[in-house]
Amino acid sequence: MALNIKRPNGTEDVLPRDAHKWHTIEKIARETAESYGFGEIRVPTFENTDLFLRSVGETTDVVQKEMYTVMAKETKFTLRPEGTAGTIRAMLQNGLLNEALPQRVYYILSCFRHERPQAGRLREFHQFGLEMAGSQSAAADAEVISLAKTILDRLEIKNIKLFINSIGCPACRSEYHKALRAYFENRKDELCDTCRERLDKNPMRILDCKSPICQDIAKDAPLIIDYLCEDCSSHFENLKKYLGNLKIDYEVNPKIVRGLDYYTKTVFEFVTTEIGAQGTVCGGGRYDGLIEQLGGQHIPALGFGMGIERLLLVMEKQNCLYLAPKKCDLYFATMGDAALETAMALAHDMREFGFFAEFDLMNRGLKAQMKYANKIGAAFTIVLGDNELSEGKAKLKDMKSGEETPIAIDEKFVLNFENIYMNNVLNTVEDETGNSLFAFTEGDN
Ligand code: ATP
Ligand code: MG
């Protein structure tokens, strides 16, 4: 009977043939973050619902429409819709913020949001993200933006624009809220239900509404950038200066307010126009009030989240290169039980030395085994049968050149293989101007 159960809408399977694409992003992101002093943190997939209500904010789309919440024995839990809240909770709970500042952590995790699935918008998606706590300097903002930019550059993603804005602090925002309310008041009746509610509680959220009508009404709304206090304004000027020094191109976009409530001062987005409407591959900013809001001291902090599936969409579109998936170094083709047992032992030794080795597990004939070795792209093959075993030697075949080298079937087998293998690698480098030594390979290879 055919399996009638399919994966839920808005989720994806990653198959072994595509895993190297994920590994490429994860490796580059990890190494880049670590070179900036960040260490990895791993937090639970679900948290107490209250954590998200108090951090992401009750008037945001995420909290109002997108959370997966379950009631489990009297307690409400939510699958994390983003990484910051749980990470800050963990930093507080484990006392990281009492240690030397700034504290810098990064993570790779899945997020869950009940959205309408479409290209680049999933219900389970993955983020590479990071948080830095302790510094109020605009240099920290520049550092975090430069880190994100470095990852995108190292992935060789092109045509990405960096937009920055400042959404001020609670002090400058109260004036701004007044101006916004006055602006929207006239056209209150045309706003969507959610935004009409937001008008009182959090008018800035209206600017982030996805409804075209609300967007049109918000077109000429006052801009927060014109209401910044002196501190926020000089912070923003410093950031721009540092980005200039780092030769990072940016555009100030006074319309970016970001979808989560906890942001203050700097917000930024890296956007591409190449993958349709869901073009924001990275979004982040400063959230100086969040740690205090969650019960900690007043410690300024900032961070970003990068959507891994969206990065992959751009990389596919731009034919970016990926780290080469590891391929079989040696395939043992066997005839008979004795040969199988020898292959099993030798393959084990090979793996101890870090080689990738395989032998037949399907009881195939010799021809079918060689066909299989070709299919998996084995670099070398060796045929083992009764003759080879009784003579104590066999022929190692280089699958690319077809060249055969005799090799003894004894305790020095792996060392001898390694010699031949290294010679082969060196020759290939001379032949192909080094390409085979480089970690990247093209497309789906
Ligand atoms: P958007 O405006 O696209 O809805 P957002 O502001 O809700 O994004 P953030 O909460 O800032 O997104 O999340 C950071 C990043 O995670 C986004 O820039 C995007 O790359 C990715 N992301 C967010 N939501 C989704 C989703 N539903 N599916 C896939 N990736 C997502
Ligand atoms: Mg969203």
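In listed order, ligands and their atoms are each counted from 1.
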**Q** If the criterion is any heavy atom closer than 4.0 Å to an atom of ligand 1, which residues make the list?
**A** Arg113, Glu115, Gly120, Arg121, Leu122, Phe125, Gln127, Lys210, Arg258, Thr280, Val281, Cys282, Gly283, Gly305, Gly307, Arg310
**Q** Partners of Lys241 by salt bridge (charged side-chain N to carboxylate O under 4.0 Å, His left out), sequence neighbours excluded?
**A** none
**Q** Hey, is CD on Glu99 packed in by over 12 heavy atoms from elsewhere, all under 6.0 Å?
**A** yes
**Q** My understanding is that only one of Tyr421, Phe332, Tyr331 makes a ring pair (Phe, Tyr, Trp, His ring centres under 6.0 Å) with Phe355; could you say which?
**A** Tyr421
**Q** Please enumerate all residues that pass side-chain hydrogen bond (donor to acceptor under 3.5 Å, both in side chains) together with Asp189, with sequence neighbours excluded.
**A** none
**Q** Report all side-chain donor-acceptor pairs from residues 268-275 shorter than 3.5 Å, counting only partners two or more places apart or in another chain.
**A**
unit_1	atom_1	unit_2	atom_2	d
Glu269	OE2	Arg258	NH1	2.8
Thr272	OG1	Glu274	N	2.9
Glu274	OE1	Gln318	NE2	2.9
Glu274	OE2	Asn159	ND2	2.6

**Q** Indicate whether any N or O donor in one side chain lies under 3.5 Å from an N or O acceptor in the other, for Tyr107 and Thr87.
**A** no
